[in-house]
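Below is one structure, written out as structure tokens, with a few remarks after it.
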Amino acid sequence: MKTQILIAALFFGGLVTAQQKKDSLKVNAIDAVNIKKQVFKKQGDRLIYDVASSSIAKGTNTFNLLKQTPMISSIDGKTLKILGKNDAVIYINNKKTNMDAEALIEMLKSTPSEDIQKIEVITVPGSEFQVESKEGVINIVMKKSKNNGYNGTLKMQNEQAYYNNPNAGASFNFRQGKWSGNSNFRTGSWTDRQRYTLSNGDPTFRNESFGFNDDPNKNFGGGFNVDYEINKKHSLGFSYNMRYNKSFNSVLDITNWQNGVLNNRTVNNEDAQTRNHSFNLNYEMKTDSLGSRLTSNVSYLWFNRDKVSFNESFPLTNDTINKYSALHQSVPQIINNYAANIDYLKKTAKGATWLMGISYNHTNTDNDTKQDKLIGGDFVIDPKQTNHFIYKENILGIYLNYERKLTEKISGKIGARYEMTRSTGEILEKTGFERNYNNLLPYLNLNYAINSDHNLSYTFSSRIRRPRFWELNPSRTYFTPTNYTQNNPFVLASKFYNQELNYMYKNAFYANLSFNMVEDASASDMLPLQGTLTTPKRDENGKIIYGPDGNMIMDTTRFLRYIRTNYGKNRELALTLGMNKSWFKDIWTTNYSVNLGYVTYKGGVWEDPTSQLGQYESESLDPYIIDVKNYNMSATINNIIRLSSKKDWFLGVNYFFASQTAMEGGMIGARQSFDLSLKKIAGDWTIVAEVSDLFNQSFYRVKGVQPNGKYNNITNFNYPRLMSIGVTYNFGNQKLKKAREMKSANDAVKSRT
């Protein structure tokens, strides 16, 4: 009996003691004590969701599991977001995934949830993470086992939106002695259908456009990762990932009215192909028994996108001003990235952890855009929109972190990144620029475990956001000849300062207060610039027409140009209140959160840095003033209900709501999504039927009005209701340890492609 009491005392930390009022010889047998493992908790700089201890983490895939994780949401089935943040960056076992965004989502959808040990949500990442702006990190920790063998997953899914979209995938993992590896393959087709309603103008003029876009896509992708354990201290690994997407016969059909009068119709036909190949060689050396290690990587990334389009505008009236017009456009982009990094993690006997590292990235982009316009029945080169843009970027980063437990209740982490950026851009035979800048990016995290029920932490971080490579390519995408998006090679990097205060109660209820400041801010979406372009009137052969007085006759045309550029600064204050809790012996699992926000945007755009005027041409641009103050709210309600005692039937009932939200480009309308799912587990088989956005309420609407009366309104209805049925089969040893996931040295540039 004394042995039983001693064992209980050791395991339960003194919670079970001798009965003081009874004779020790009369103590009855101790009843079995069941301790429920904490599913959700705060630890250091992250929130930890221990899915291996959760009843919902059975028979599903990693993507669906992430959607049920506190602080994480997805309303489109294609992206993951951390509430109050930008898009989430996915890490696996503390190493950033080595694939593009769409391939990553497909990989998550094909990874069984049984492989996952825990999910860590890092709302303000430390200096060791390669993130930008106010991005958060989702770190997926895989289960570990030394068992030899193999396992795999086969999956087929069919989605019905406006069109039917089938897809399939397979993954395979093996471990044998010192060798381990995994591979995956995905293929599918889908066609996006979007309906547009566009209107812009002022009290004296209005332009309205209505139309649709059909964009068919076929793709396949996959990769493999091989890891060899040279001995207990040294490991060597190699990984390769690729993705190919083909989008031929994409059609954008727009009909235009001016001041209520039918004007013209524009049809744009587009063919595009995207290829992405990435390679990574990784070496890891364990330097002591405490967990210290040295890791090095060399990586290469090749990205290529070819796009050709034919844009035609047909007059629908008998006026002499609007005539048939057409243009050809070719917009290729090639990106080559070479990268390397070395990290050293040092753990001390006193419990402190040092992390130091150095990284280098060299990127070269080549964008040879060609555009022809119809003049006199022949296509001739448009010199203003034909350009060859070469962009080169070199980034050297040095980072250092120190983390330790200061007392039994207080722990801290401090660090910094120092980044040196050298970049040049040249539009051959036209213009160029050079940008050299250095950034010191500090980081601080303090965590106070008040007691077993209460935890409080504070985090500060500084980051920059460099423009995406496609944003720099000086090309246009046309809706109509006078309504188009314009990329900007002159946009500057933005500086972010992020602060956060987090409180957790009983590992189930949490409050997250954040404040973000941005300098040299660029719009999260493109800004609508309106104005007029005055050009000499020309005949059918392109010759300038002169009046009887010998002066040129001029044409004035209104335009609407969407452009991403720096405008000023913004501030954002956000409060997230949440709960993750199971009820009635885990029959009902809830994940609820509410996000309250207050944002201000201040600045303006008074000129277009991309304007290219020919001889005798002039442009008048209406200033775009940004002075926004707005309160907003969003809520996520996720429910998983176990329908059977055998734990083989589950019902999912989810709801998302976002209020009107002001952005730099205007007021985005309220959105909501009501989703249902039914899951059946039958041995190694899982069948899931889902309906996303049952009531078609998560489409995009924006209304923007300027102080001078200029307005721009957009409705983009993308038929968000989606019905799907998927069948997954898991085979082999499901407790197999996965190959060592490897960090890629060029991770920092992947999101910018």
Side-chain angles (χ1 to χ4, degrees), residues 38 40-50 70-71 82-85 88-89 91 94 118-139 141 291 345-357 398-418 439-464 495-518 571-578 580 595:
Q38 294 176 346
F40 185 53
K41 61 183 178 180
K42 183 73 167 65
Q43 183 175 310
D45 61 349
R46 60 200 65 191
L47 298 164
I48 298 177
Y49 185 38
D50 191 348
M71 293 290 293
I82 296 177
L83 295 179
K85 306 291 176 182
V89 180
Y91 277 67
N94 292 309
K118 61 183 178 180
I119 296 170
E120 300 176 344
V121 181
I122 309 171
T123 52
V124 183
S127 303
E128 71 274 24
F129 290 100
Q130 300 181 64
V131 297
E132 295 192 342
S133 60
K134 57 176 183 176
E135 292 173 335
V137 165
I138 299 173
N139 182 39
V141 180
L345 178 72
K346 174 62 178 178
K347 293 191 174 184
T348 69
K350 294 183 178 181
T353 300
W354 290 90
L355 175 65
M356 57 201 77
I398 302 172
Y399 41 97
L400 176 67
N401 279 343
Y402 176 69
E403 182 177 8
R404 69 165 298 171
K405 193 171 184 179
L406 303 175
T407 69
E408 285 300 315
K409 294 185 176 183
I410 301 175
S411 60
K413 182 178 179 180
I414 187 170
R417 290 182 71 94
Y418 183 70
N439 296 101
L440 179 63
L441 309 173
Y443 172 84
L444 173 67
N445 171 258
L446 294 173
N447 191 73
Y448 179 35
I450 303 170
N451 54 42
S452 60
D453 288 341
H454 303 270
N455 186 281
L456 187 66
S457 66
Y458 168 79
T459 309
F460 171 82
S461 178
S462 165
R463 295 287 180 176
I464 63 172
K495 188 72 175 290
F496 283 71
Y497 303 90
N498 308 315
Q499 297 186 75
E500 183 177 280
L501 187 65
N502 179 274
Y503 168 71
M504 171 97 42
Y505 175 63
K506 288 190 174 181
N507 294 302
F509 306 90
Y510 59 91
N512 203 77
L513 180 66
S514 63
F515 179 64
N516 303 300
M517 301 171 55
V518 187
R571 306 289 184 262
E572 181 176 357
L573 180 67
L575 173 64
T576 299
L577 303 174
N580 180 264
N595 190 74

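Everything numeric in this text was worked out from a predicted model, so none of it was measured.
- Within the model, atoms CG of Leu406 and OH of Tyr448 stand 12.5 Å from one another, a figure rounded to the nearest 0.5 Å.
- Rounded to the nearest 0.5 Å, atoms CD1 (Ile119) and CG (Asn139) are 10.0 Å apart.
- With values rounded to the nearest 0.5 angstrom, Lys42 atom NZ is found 11.0 Å from Asn507 atom CG.
- Relative orientation of the Tyr402 and Trp354 rings is tilted, given thresholds of 30° and 60° on the angle between their planes.
- Here the side chain of Ser127 pairs a donor or acceptor atom with the backbone of Ala416 at under 3.5 angstrom.
- At a threshold of 4.5 Å between non-hydrogen side-chain atoms, the residues Asn445 and Glu403 do not count as touching.
- Leu513 is not listed as a side-chain neighbour of Phe515, based on a closest heavy-atom distance of 4.5 Å or more.
- Proximity of Phe129 to Val89: side-chain heavy atoms (C-beta onward) are nowhere separated by under 4.5 Å.
- In this structure, Pro125 and Arg463 have side chains that are in contact, with non-hydrogen atoms separated by less than 4.5 Å.
- Closest approach of Ala574 to Asn595, counting heavy atoms only: CB-OD1, 4.3 Å.
- Within the 3.5 Å criterion, the main-chain N or O of Thr353 finds no donor-acceptor partner in the side chain of Lys347.
- Considering NZ of Lys409 and CG of Asn447, their distance stands at 12.5 Å, rounded to 0.5 Å.
- With Asn498 contributing its side chain and Ser133 its backbone, the two residues share a donor-acceptor pair below 3.5 Å.
- At a threshold of 4.5 Å between non-hydrogen side-chain atoms, the residues Tyr443 and Asp45 count as touching.
- Counting heavy atoms from C-beta on, the side chains of Ser462 and Lys495 come closer than 4.5 Å.
- Residues meeting the side-chain hydrogen bond (donor to acceptor under 3.5 Å, both in side chains) test with Arg571, sequence neighbours left out: Glu519.
- The distance from the NZ atom of Lys134 to the CD1 atom of Ile82 is 11.5 Å, given to the nearest 0.5 Å.
- Ring geometry, Phe509 versus Tyr505: the interplanar angle falls from 30° to 60°, so the pair is classed tilted.
- Of the options Asn502, Thr576, Thr123, a side-chain hydrogen bond (donor to acceptor under 3.5 Å, both in side chains) to Asn512 is made by Asn502 and by none of the others.
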